[in-house]
Amino acid sequence: MPEAVLQRAAAEMLDWQGSGMGVMEMSHRGKEFGAICAQAEADLRQLLAVPEDFHVLFMQGGGLGENAIVPMNLSRGGQVDFVVTGSWSVKSHKEAQRYCQAKVIASNADSKHTRMPDPSTWELSADASYVHICSNETIHGVEFQTLPDLAALGSQAPLVIDFSSHVASRSVDWRRVGLAFGGAQKNLGPAGLTLVIVRDDLLGHALDICPSAFNYRTVADNQSMYNTPPTWAIYVAGLTFQWLLQQSEGALTGVAAMEQRNQAKARLLYDFIDASPFYENKVSPDCRSRMNVPFFLVDETRNDDFLSGARDRGLLQLKGHKSVGGMRASIYNAMPLEGVQALVDYMREFERSHA
Ligand code: PMP
């Protein structure tokens, strides 16, 4: 979370803009929260350049909830194509099997999820209801640097992207996307809010078993207020959208500025790892994530020493996911370049004293 956002949320915690109530105490149907929610949507649309024929839905259930909610809304019970590139798309494929014929049309499992399968090799089905990808695999640190152009590959199916862990870190080419979903808790705000951005023509085809509160048509028709939305999370995400819109790098602003900053952060860390004989990143350079950098000490017996020295310097949460091991630096939007520099400085110092 950007510190400025946390400070603003703290300052307004007990009394939002002279209303005499904090956001957590407001009715979601009152004019105050209505204004907060409408502003958040408008700011998000501007930030991500969301076209007018897409709905912005503020939902609950998280990324894993959407693994069921998307097929219930979009599959029409037919066939869905999955590109499996890491733990999160593995989970998406598995969950979808409960609602539709979920087919793996490409996978990078043979490379232990360290390379993205080239879209020209995907065996796209002629009649898929949609094609699912995870555009940034948080655990394995692989990211699509450009979204696949399904139309150019001869498919009419809409592309669904799970952009949970890199939303707002780079621009989205909406011409290539039918639906994007993500939990808010990496780049947008507190856990509890799930963002869905969906093209209008994809609504209205939900399976009968789809809960009303998860039917995109119902959620859209009720401006995300069919049931009580996660008001606090929407408010804090709204503050983050404003913070993001204010960011600049030279002539660039908003997401374009963040993209440039994120490129610089990632380059700093990857360049250091690649130049060092002490550390290693196993991901193919052309698909490395700018957000999640898994890395290993070549001598893994030093892992615990590395982590405890890092903790002493306030460098936290560096332990890799248990399924991959090693270390992982998650350098989301709110992490400044100085934070990555502090990590690199520590890694250099640790290498010098242990090599
Ligand atoms: N997809 C991706 C890419 C994720 O990174 C995560 C969470 N780390 C999820 C899905 C699951 O999200 P949630 O915990 O909000 O269900």
Side-chain angles (χ1 to χ4, degrees), residues 1 48 57-74 80 82-99 102 107-109 113-114 116 130-145 147-148 159-170 172 177 179-198 211 213-214 219 224 229-230 232-234 236-237 240 262 266 283 287-294 316-324 327-335:
M1 297 293 301
L48 297 185
L57 310 179
F58 295 134
M59 299 183 67
Q60 300 182 69
L64 293 189
E66 292 301 326
N67 282 347
I69 298 168
V70 174
M72 279 196 282
N73 276 276
L74 262 56
V80 175
F82 280 82
V83 179
V84 167
T85 53
S87 300
W88 294 109
S89 46
V90 165
K91 280 201 164 72
S92 299
H93 169 247
K94 194 161 175 230
E95 181 76 6
Q97 287 173 329
R98 307 173 68 183
Y99 306 101
S107 164
N108 64 358
H113 308 304
T114 59
M116 280 301 191
Y130 64 92
V131 178
H132 176 112
I133 65 168
C134 177
S135 44
N136 182 63
E137 286 280 2
T138 323
I139 292 175
H140 291 89
V142 284
E143 180 173 16
F144 281 94
Q145 302 304 327
L147 293 175
L159 179 69
V160 169
I161 64 171
D162 172 358
F163 68 170
S164 297
S165 54
H166 72 165
V167 54
S169 72
R170 60 192 308 156
V172 176
V177 174
L179 182 148
F181 72 83
Q185 63 268 25
K186 314 295 194 218
N187 271 343
L188 303 182
L193 165 64
T194 312
L195 176 64
V196 176
I197 302 179
V198 55
F214 292 151
V219 179
S224 300
W232 171 256
I234 291 171
V236 179
T240 310
N262 288 324
V283 176
C287 31
R288 286 176 171 176
S289 169
R290 293 176 187 162
M291 297 280 101
N292 311 98
V293 183
L316 308 177
Q317 311 202 81
L318 283 165
K319 191 172 172 148
H321 191 272
K322 58 183 183 306
S323 63
V324 174
M327 312 295 154
R328 177 174 50 156
S330 285
I331 49 176
Y332 294 119
N333 269 351
M335 173 64 69

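Quick note: numbers below take in every heavy atom, side chains included, and nothing from hydrogens, waters or symmetry partners. Remember, it's 1-based here, ligands and their atoms both numbered in the order they're listed. Nothing fancy with the numbering, it's 1 onward along the sequence.
Counting heavy atoms closer than 4.0 Å to ligand 1, residue Ala191 contributes nothing at all. Contact annotation for Ile139 and ligand 1: no heavy atom of the residue comes within less than 4.0 Å of the ligand. Contacts of Gln185 with ligand 1, taken as heavy-atom pairs under 4.0 Å, involve the side chain alone.
Ring geometry for His132 against Phe181 counts as tilted: the plane angle lies between 30° and 60°, on a 0 to 90° scale.
Among Phe163, Trp88, Phe181, the residue whose heavy atom lies closest to atom 4 (C) of ligand 1 is Trp88.
When only non-hydrogen protein atoms are considered, atom 3 (C) of ligand 1 lies nearest to Thr138 OG1, 3.3 Å. Among all non-hydrogen protein atoms, the one lying nearest atom 1 (N) of ligand 1 is Asp162 OD2, 2.6 Å. Atom 16 (O) of ligand 1 has Leu64 N, 2.8 Å as its closest protein atom, hydrogens excluded (heavy atom only).
Between the side chain of Glu137 and the main chain of Gly86, a donor-acceptor pair closer than 3.5 Å is present. Side-chain atoms of Arg290 do not come within 3.5 Å of backbone N or O of Gln145 as any donor-acceptor pair. Using modelled atom types, no side-chain atom of Asp162 and backbone atom of Trp88 make a donor-acceptor pair closer than 3.5 Å. Put simply, the side chain of His140 never gets that close to the backbone of Val142: no donor and acceptor are under 3.5 Å apart. For Gln185 (side chain) and Thr194 (main-chain N/O), no donor-acceptor pair under 3.5 Å exists by modelled atom type.
For ligand 1 and Gly62, the ligand atoms under 4.0 Å from any heavy atom of the residue are 15 (O), 16 (O). Those atoms of ligand 1 with a heavy atom of Ser164 less than 4.0 angstrom away are 1 (N), 2 (C), 3 (C), 4 (C), 10 (C). Heavy-atom proximity to Cys134, at under 4.0 Å, picks out these atoms of ligand 1: 3 (C). Under a 4.0 Å criterion applied to the non-hydrogen atoms of Asn136, ligand 1 contributes the atoms 3 (C).
Remark: ligand 1 and Gly63 share an N or O pair separated by less than 3.5 Å (distance only, no angle test). In terms of polar-atom proximity, Lys186 is counted as a contact of ligand 1, with an N or O under 3.5 Å from an N or O of the ligand.
Heavy atoms only, all atoms of each residue included: Asn187 and Ser165 are closest at ND2-O, 4.3 Å. For His166 against Ser135, the heavy-atom pair with the smallest separation is NE2-OG, 2.8 Å.
Using modelled atom types, one finds no donor on one side chain facing an acceptor on the other under 3.5 Å when comparing Ser330 with Gln317.
The shortest heavy-atom distance from Asn67 to ligand 1 is not under 4.0 Å.
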